[in-house]
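What follows is a short report on a single structure.
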Amino acid sequence: MTADRALRCRTRCGSVVRMRQSRPSILLLVAASLAALCTDAIVPAAAGEVPAVVARQRNEKKVFTDTEIVEGFLKTAFGAEYHLAGRVDRIRKYDSPVRVFADGSFANRKAQLAKVVADIRAKVQHLDIAMTEDSEAANVVVKLVRDRDLYRTITTFYGRERAKEIRSSLDPQCLSGFRKNENYEIEHSDVILTVDNGDFVFLDCAYEELLQSLGPINDTATVPWTMFNDSVSMGYFDVYDQYLLNLLYDPRIKPGMTVQEVRALLPDVLTDVRAWVKKVNHLE
């Protein structure tokens, strides 16, 4: 492995980290319900029951050219918004089953997270992802925390100095990262989600951070249809990002591939991915 600071200070390995910044516009969407978010007794809504999600689904763009899809894939699968060590010019992905463990005492959010994972599993053809109750068997650990405990949790993961840097420059609501081996295979991911900022923010963060922890960790401001753009809030697994994840997890796209190697394969891979995304979304 690449020797360097990783997600937790006491571990040394190649790692990539991305953070999601707090957005006032998102907070305004849920301002009316913030008073009810101080207890764990709230029954969380499914994505299809959250008004902000329903409105976005109703107006979702679902038709894209090959160029639009390929451009977004290359911009998110290569590079990193914030990386600590190792090269970022190669494909990074899991090459083994992905098992997600929810770490926290918030049963309602755990149930909501399980629905998110099941949705991702149903829509990414070659990705074996599921929840697990065994923390030792998990290679993705989702830490569920109250907003007041977020900074303390970041400090535990990254150390005091880096946590101060993250807090002052990014002020994240949620964040994720992974470590990879010398073959660019992701070995472990950590996701931190806050539970008390409303259903929309929780879903928006859960989808984006889980998906980015699987490999497409680079945010881009130049692709307007992806949740991997900090100016875009979804709260669900949209069609465009299904294209990106299905491209990444096609068996022909291997960890460690360069941009040139991937470009040569994308025309054939995209043909198959289009058929799959059309099928699972009942697109014309």
Side-chain angles (χ1 to χ4, degrees), residues 18 20-21 23 25-26 29 46-48 50-81 91-94 98 115-127 129 174 176 191 200-250 252-253 259 262-263 265-284:
R18 57 90 50 207
R20 177 148 188 194
Q21 299 182 23
R23 302 180 196 138
S25 58
I26 294 178
L29 289 172
V50 178
V53 172
V54 173
R56 284 161 172 77
Q57 289 175 321
R58 186 180 301 119
N59 298 307
E60 179 184 0
K61 174 179 168 66
K62 298 180 179 180
V63 179
F64 302 95
T65 66
D66 288 356
T67 299
E68 288 169 339
I69 296 170
V70 168
E71 177 186 13
F73 176 71
L74 296 177
K75 286 182 176 180
T76 56
F78 294 93
E81 179 186 11
I91 287 291
R92 296 144 297 174
K93 62 187 283 190
Y94 278 96
V98 177
K115 291 181 180 179
V116 170
V117 170
D119 188 33
I120 294 171
R121 181 187 182 98
K123 291 175 179 172
V124 183
Q125 184 176 14
H126 298 290
L127 175 63
I129 184 172
C174 46
S176 61
V191 176
F200 179 77
V201 172
F202 181 81
L203 289 168
D204 194 38
C205 279
Y207 273 107
E208 181 175 353
E209 303 303 340
L210 267 176
L211 291 172
Q212 291 206 299
S213 77
L214 298 174
I217 207 164
N218 192 40
D219 269 3
T220 175
T222 62
V223 181
W225 313 289
T226 178
M227 69 178 77
F228 309 142
N229 179 335
D230 273 339
S231 298
V232 177
S233 302
M234 291 293 187
Y236 67 101
F237 196 6
D238 58 292
V239 168
Y240 185 80
D241 289 314
Q242 289 177 47
Y243 281 123
L244 304 192
L245 268 294
N246 275 283
L247 285 174
L248 179 61
Y249 276 88
D250 186 278
R252 288 164 286 188
I253 305 298
V259 172
V262 169
R263 279 189 182 277
L265 296 173
L266 281 180
D268 289 339
V269 175
L270 183 54
T271 297
D272 294 340
V273 165
R274 277 195 178 278
W276 170 260
V277 173
K278 177 181 178 180
K279 175 183 176 182
V280 295
N281 291 278
H282 310 290
L283 302 177
E284 294 182 0

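None of the values given here were measured: they were computed from a predicted structure.
Once rounded to the nearest 0.5 Å, the distance linking CD of Glu209 with SG of Cys174 reads 4.0 Å. Atom CD of Gln242 and atom CD1 of Ile120 lie 10.0 Å apart (nearest 0.5 Å). In this structure, the separation between OG1 on Thr220 and CG on Leu74 is 11.0 Å, given to the nearest 0.5 Å. A distance of 10.5 Å separates CG of Leu248 from CG of Leu211, quoted to the nearest 0.5 Å. Rounding to the nearest 0.5 angstrom, the gap separating the CE atom in Met227 from the SG atom in Cys205 is 11.5 Å. Annotation: the span from Arg56 atom CZ to Phe200 atom CZ amounts to 3.5 Å, rounded to 0.5 Å.
Under the 3.5 Å distance criterion, the side-chain polar atoms of Tyr243 are left unmatched by any main-chain donor or acceptor of Leu270. Under a 3.5 Å cut-off, the side chain of Asn218 and the backbone N or O of Thr76 do not form any donor-acceptor pair. The closest donor-acceptor contact from the side chain of Asp241 to the backbone of Phe237 lies at 3.5 Å or more, if one exists at all. Asp238 contributes no side-chain N or O that, together with a main-chain N or O of Glu60, makes up a donor-acceptor pair within less than 3.5 Å. Looking at Tyr94, its side chain never comes within 3.5 Å of a backbone N or O of Ile129 through a donor-acceptor pair. Checking side-chain atoms of Asn229 against main-chain N and O of Trp225 turns up no donor-acceptor pair under 3.5 Å. Between the side chain of Asn246 and the backbone N or O of Lys123 there is at least one donor-acceptor pair closer than 3.5 Å. Lys62 contributes no side-chain N or O that, together with a main-chain N or O of Asn281, makes up a donor-acceptor pair within less than 3.5 Å.
Within the 4.5 Å cutoff, the side chain of Val277 has heavy atoms near those of the Val239 side chain. For the pair Asp204/Met234, a side-chain contact is recorded, criterion being any heavy-atom separation below 4.5 Å from C-beta on. Arg121 is not listed as a side-chain neighbour of Val117, based on a closest heavy-atom distance of 4.5 Å or more. Side-chain contact check for Val280 versus Gln125: every heavy-atom pair is 4.5 Å or farther apart. Between Pro216 and Leu245 the shortest side-chain heavy-atom distance falls below 4.5 Å. Considering only heavy atoms from C-beta on, Leu247 stays 4.5 Å or farther from Ile253 through its side chain.
The minimum heavy-atom distance between Ile91 and Ala77, with the atom names listed, is CD1-CB, 3.9 Å. Heavy-atom minimum distance, Val53 versus Gly235: CG2-O, 3.7 Å. Among all heavy-atom pairs drawn from Thr271 and Pro267, the shortest one is OG1-O, 3.1 Å. The two atoms that bring Val223 and Thr226 nearest to each other are O-CG2, 3.4 Å, heavy atoms only.
Residues Tyr207 and Asp119 have side chains that bring a donor and an acceptor to within less than 3.5 angstrom of each other.
In this structure Asp250 satisfies the salt bridge (charged side-chain N to carboxylate O under 4.0 Å, His left out) test together with Arg252, sequence neighbours excluded.
Under a cut-off of 6.0 angstrom, the local environment of NZ in Lys61 is crowded, with over 12 non-hydrogen atoms contributed by other residues, nucleotides or ligands.
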task = Show your working on side chain to side chain contact (heavy atoms under 4.5 Å, CB included) between Leu203 and Val116 and close with a plain yes or no.
result = CA-CA 8 Å; Leu203 289 168; Val116 170; 4.0 Å; yes
Donor-acceptor list for residues 64-73 side chains, cut-off 3.5 Å, not counting sequence neighbours:
from	atom 1	to	atom 2	distance (Å)
Thr65	OG1	Glu68	N	3.1
Asp66	OD1	Arg274	NE	2.9
Asp66	OD1	Arg274	NH2	2.8
Glu68	OE1	Thr65	N	2.9
Glu71	OE2	Lys75	NZ	2.8

